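To start, the structure under review is shown below, and the notes come after it.
In this text, all values refer to a predicted model and were calculated from it rather than measured experimentally. Chain identifiers are assigned alphabetically (A, B, ...) following the order of the sequence lines, protein sequences preceding nucleic acid strands; residue numbering begins at 1 within each chain.
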Number of protein chains: 2
Amino acid sequence: MPPDTALPPIRRQEIAPRSGVAFELAKGDRLTIIDPKGEQVADLLAFSVADRDEVISSGRTLDYASRIYLTTGDPIYSNRSNVLLRIVEDTVGRHDFLLTPCSADTFRIIYGDTHPHHGCFGNLAAALAPYGIEPDRIPVAFNVFMNVVVNGETGELKVEPPLSRAGDHVTFEAETDLIIGLTACSALQSNNNAFKPIHYEIRPADAAPQSP
Amino acid sequence: MPPDTALPPIRRQEIAPRSGVAFELAKGDRLTIIDPKGEQVADLLAFSVADRDEVISSGRTLDYASRIYLTTGDPIYSNRSNVLLRIVEDTVGRHDFLLTPCSADTFRIIYGDTHPHHGCFGNLAAALAPYGIEPDRIPVAFNVFMNVVVNGETGELKVEPPLSRAGDHVTFEAETDLIIGLTACSALQSNNNAFKPIHYEIRPADAAPQSP
């Protein structure tokens, strides 16, 4: 039997609009996040399986990159300065690592909603709870496809429609065993006023190293 | 006896170069951070006394402000979207809330040091330990006087000399009872290549409301 027929097929999973999931990603596995319809953000978190107090850190990652926009080749560092994920493919090149996951507070403070949705924060908290990760442990997410424009003079931030088109994707490789939290973002402004699904695929470390 | 003579005098405290302190700041108290010599950064953290898992959040604060540069009038939100501090006076207007406190990792990764200093992170961790705050709980600090310039086109970050001159200061008011961590920053690049002290003063809530 040729060895590659023994590998499980790569199965594409769907995250429904305004929802989220959590799952384990082993060292060397590749996670591809796909925008199936275009202009849809996905908030990504990663915690170390070995110690869940180790989590991705925007402050360390942006400091070491000396850039706010990350893309192919860039590592995502933890709060202990270890590389948890590395971006190995990116068909868009514009993502955000400045802003908090949207939450009931976001919708109350920014949108003025009186009965706010629980947002990506609520979806991440619910999905990560079975892994023993508390809501207070949720930091700034890596906001895949989110297009935050910064005015260098005034410091003003503007959330613009994502640059992703249908089928665009980003692939991350795990540098250690991880618990991943991932959403289809719930904030109108971030997704050009339409809530769409997000797709993802996991390619195990022992699968053939090819693009999805 | 006139009531104001019963008030304790406002005493100026000094943080030695490349060191840090922690102290409590009660609701309504005002903390003034002074750059006594100019071009010196101070990393500021604030945790809620009521629950030390509540801490300042760059992601929530910048999101709600829709700006990366904060100044007089701006609130500093927590990871639970409560206002912990408010900037009530600012003679400089340029501070950073993007980058991690400098650490042994910073000096190893960015500067290439083989025997790195423990940095603001190490100073904050040591000063906060008696309050039961673990190093993993240290988020992006509000980096007072730190001048990080962002290129809006490329996303490139540059750490420039602070705009603060001798005597410049920022005053924060506590909106709840807080544990404060505060440093005189240890990174050469952030302080125009010279390590200087930082001064601070605490004006209790019941003191006369005047500028320092």
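The most heavy-atom pairs under 4.5 Å with chain A, out of B:Ile110, B:Val140, B:Asn151, B:Ile138, come from B:Ile110. Most heavy-atom pairs under 4.5 Å with chain B, from the set A:Val159, A:Val148, A:Asp53: that is A:Asp53. Listed options B:Arg137, B:Lys158, B:Glu54, B:Glu156 were ranked by heavy-atom pairs under 4.5 angstrom with chain A; first place goes to B:Arg137. Options B:Pro101, B:Ala141, B:Ser103 differ in how many heavy-atom pairs under 4.5 Å they form with chain A, and the most are formed by B:Ser103. Chosen from B:Val150, B:Val149, B:Asp136, the residue pairing most often with chain A at heavy-atom distances under 4.5 Å is B:Asp136.
Considering only residues two or more places apart in sequence or on other chains, A:Tyr131 meets the ring pair (Phe, Tyr, Trp, His ring centres under 6.0 Å) condition with none of them.
Using a 4.5 Å heavy-atom cut-off against chain A, the contacting residues of residues 55-80 of chain B are B:Ser58, B:Gly59, B:Arg60, B:Leu62, B:Asp63, B:Tyr64, B:Ser66, B:Arg67, B:Ile68, B:Tyr69, B:Tyr77, B:Asn79, B:Arg80.
For a residue to count as touching a neighbouring chain, one of its non-hydrogen atoms must lie under 4.5 Å from one of that chain's; by this rule B:Glu134 does not touch chain A. Proximity to chain A (any heavy atom under 4.5 Å) is shown, for B:Phe97, by neither the backbone nor the side chain. At a 4.5 Å heavy-atom cutoff, the contact between A:Leu98 and chain B is made by backbone and side-chain atoms alike.
Here the closest heavy-atom approach between residue B:Arg94 and residue A:Glu153 is recorded as NH2-O, 4.0 Å.
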